[in-house]
Amino acid sequence: MNDVLIVIPARMASTRLPGKPLADIAGWPMIVHVLRRVEAAAIGPVVVATDSREIEAVVRAAGGRAVMTRSDHGSGTDRIAEALGEIDPAGRAAIIVNVQADVPTLNPADLAATLTPLADPSVDIATLAAEIVHAKERDDPSVVKVVGTPVSAARLRALYFTRATAPSGPGPLYHHIGLYAFRRAAFERFVALPPSLLEQRERLEQLRALEAGMRIDVAIVDGEPLTVDTPEDLARARAVLTSRS
């Protein structure tokens, strides 16, 4: 896995939960929980890209690597693009994995599964989804759904991502999990593209790739990690991880 590089973009600014990467969960800052779970996947070196000296210090104290980036990036993907100039200026990593800094319950095996669709050379970007099992999530716009055509029992080719309830009719709906494994060329092409019409309308960055004709395949896993966006999410994460410690 020497050609895989995992980057965790982390910033202090958050509208609903400022400073969340440093929020304490069961004795560790959240960013350290994420770092440990990504390291446990053992798919490649891990770097945190941040705009905060506090986050940098916490990651380094935990034995991780962190690099500083500007504070004006509009997305984690843009932050990663800047960080790559320091982390891998020669472009040796063939696959760039983007892991959000707010998934402290991430299953390391699921992260490793993100790479499986890239065994197909026609796939540009790989990501994850889990079947929706709670009825209320089907109509929840905060739950992003992926609409795709099956490639195998555990893999879809993504046709669209939406906050709406889709597709209609009988059958499963899939909750998209925002982890991405990019081929290096696909990553460089993606960050060079301007925001697309549907991306801005749905507020979903991955639609930029689909609108540009890039192929995204989705590995299906058993469940989604808890994403911490609000104080209520943080309380749930604390309850889950405290019970496991």
Side-chain angles (χ1 to χ4, degrees), residues 6-38 46 48-52 54-55 58-59 66 69 71-80 97-108 110-111 114 127-146 161-166 173-180 195 199-208 218 221-244:
I6 306 97
V7 186
I8 307 171
R11 66 191 183 104
M12 289 293 281
S14 171
T15 303
R16 290 181 287 179
L17 192 61
K20 66 180 179 178
L22 299 183
D24 181 85
I25 301 176
W28 284 355
M30 180 160 60
I31 187 63
V32 175
H33 281 280
V34 177
L35 176 66
R36 294 288 182 252
R37 286 170 178 270
V38 174
V46 187
V48 174
T50 184
D51 61 354
S52 163
E54 293 174 90
I55 293 173
V58 164
V59 169
T69 58
S71 61
D72 60 347
H73 289 300
S75 71
T77 310
D78 293 333
R79 191 175 306 284
I80 290 171
V97 182
N98 177 351
V99 178
Q100 297 177 19
D102 55 6
V103 285
T105 66
L106 175 66
N107 183 342
D110 290 348
L111 176 57
T114 312
T127 188
L128 297 176
E131 184 174 346
I132 293 175
V133 296
H134 301 292
K136 67 179 182 179
E137 292 187 353
R138 297 172 70 92
D139 300 316
D140 185 346
S142 70
V143 175
V144 176
K145 292 84 177 176
V146 57
F161 296 86
T162 182
R163 297 181 183 278
T165 305
L173 269 63
Y174 292 98
H175 182 164
H176 177 235
I177 301 166
L179 308 178
Y180 299 94
E199 171 188 357
Q200 293 176 84
R201 183 168 179 174
E202 290 264 20
R203 292 175 288 113
L204 296 173
E205 187 181 36
Q206 61 270 35
L207 290 173
R208 186 190 316 174
V218 185
V221 295
D222 290 335
E224 68 277 0
L226 175 59
T227 300
V228 177
D229 288 321
T230 67
E232 293 76 20
D233 295 334
L234 180 58
R236 284 194 291 272
R238 284 170 170 160
V240 168
L241 292 172
T242 299
S243 68
R244 294 179 185 176

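The residues of the chain are indexed from 1 along the displayed sequence.
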Worksheet entry | Audit row: Ile31, Thr50, side-chain contact (heavy atoms from CB on, under 4.5 Å) steps and yes/no | CA-CA 11 Å; Ile31 187 63; Thr50 184; over 6 Å; no
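- Nearest heavy-atom pair across Ala130 and Glu224 is CB-OE1, 3.7 Å.
- Other residues, nucleotides and ligands contribute more than 12 heavy atoms inside 6.0 Å of the CD atom of Glu131.
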Contacts table for residues 100-108: side-chain donor-acceptor under 3.5 angstrom, sequence neighbours left out:
{"unit_1": "Gln100", "atom_1": "NE2", "unit_2": "Gly178", "atom_2": "O", "d": "3.0"}
{"unit_1": "Asp102", "atom_1": "OD2", "unit_2": "Lys20", "atom_2": "NZ", "d": "2.9"}
{"unit_1": "Thr105", "atom_1": "OG1", "unit_2": "Leu226", "atom_2": "N", "d": "2.8"}
{"unit_1": "Asn107", "atom_1": "OD1", "unit_2": "Ala109", "atom_2": "N", "d": "2.9"}

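- Heavy-atom minimum distance, Val48 versus Ala10: CG1-CB, 4.1 Å.
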Item to complete: Show your reasoning for whether side-chain hydrogen bond (donor to acceptor under 3.5 Å, both in side chains) applies to Asp51 and Thr69.
Response: CA-CA 5 Å; Asp51 61 354; Thr69 58; over 6 Å; no
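- Between Leu22 and Glu54 the shortest heavy-atom distance is CD1-CB, 3.7 Å.
- When all heavy atoms of Arg79 and Ala49 are compared, the pair lying nearest together is CD-O, 3.3 Å.
- The two residues Arg163 and Lys145 make their nearest non-hydrogen contact at O-NZ, 3.4 Å.
- In the model, Thr77 has a side-chain atom that pairs as donor or acceptor with a side-chain atom of Glu205 under 3.5 Å.
- Not one N or O on the side chain of Ser52 forms a donor-acceptor pair closer than 3.5 Å with the backbone of Arg11.
- Looking only at atom types and distance, the side chain of Thr227 has no donor-acceptor partner in the side chain of Asp229 under 3.5 Å away.
- Heavy-atom contacts from other residues, nucleotides or ligands closer than 6.0 Å to CG of Asp222 number 12 or fewer.
- From Phe161, atom CZ reaches atom CD of Glu202 across 11.0 Å, with rounding to the nearest 0.5 Å.
- When each of Thr127, Thr114, Ile177 is paired with Val218, the side chain to side chain contact (heavy atoms under 4.5 Å, CB included) condition holds for Thr127 and for no other.
- Closest approach of Ile132 to Arg138, counting heavy atoms only: CG2-CG, 3.9 Å.
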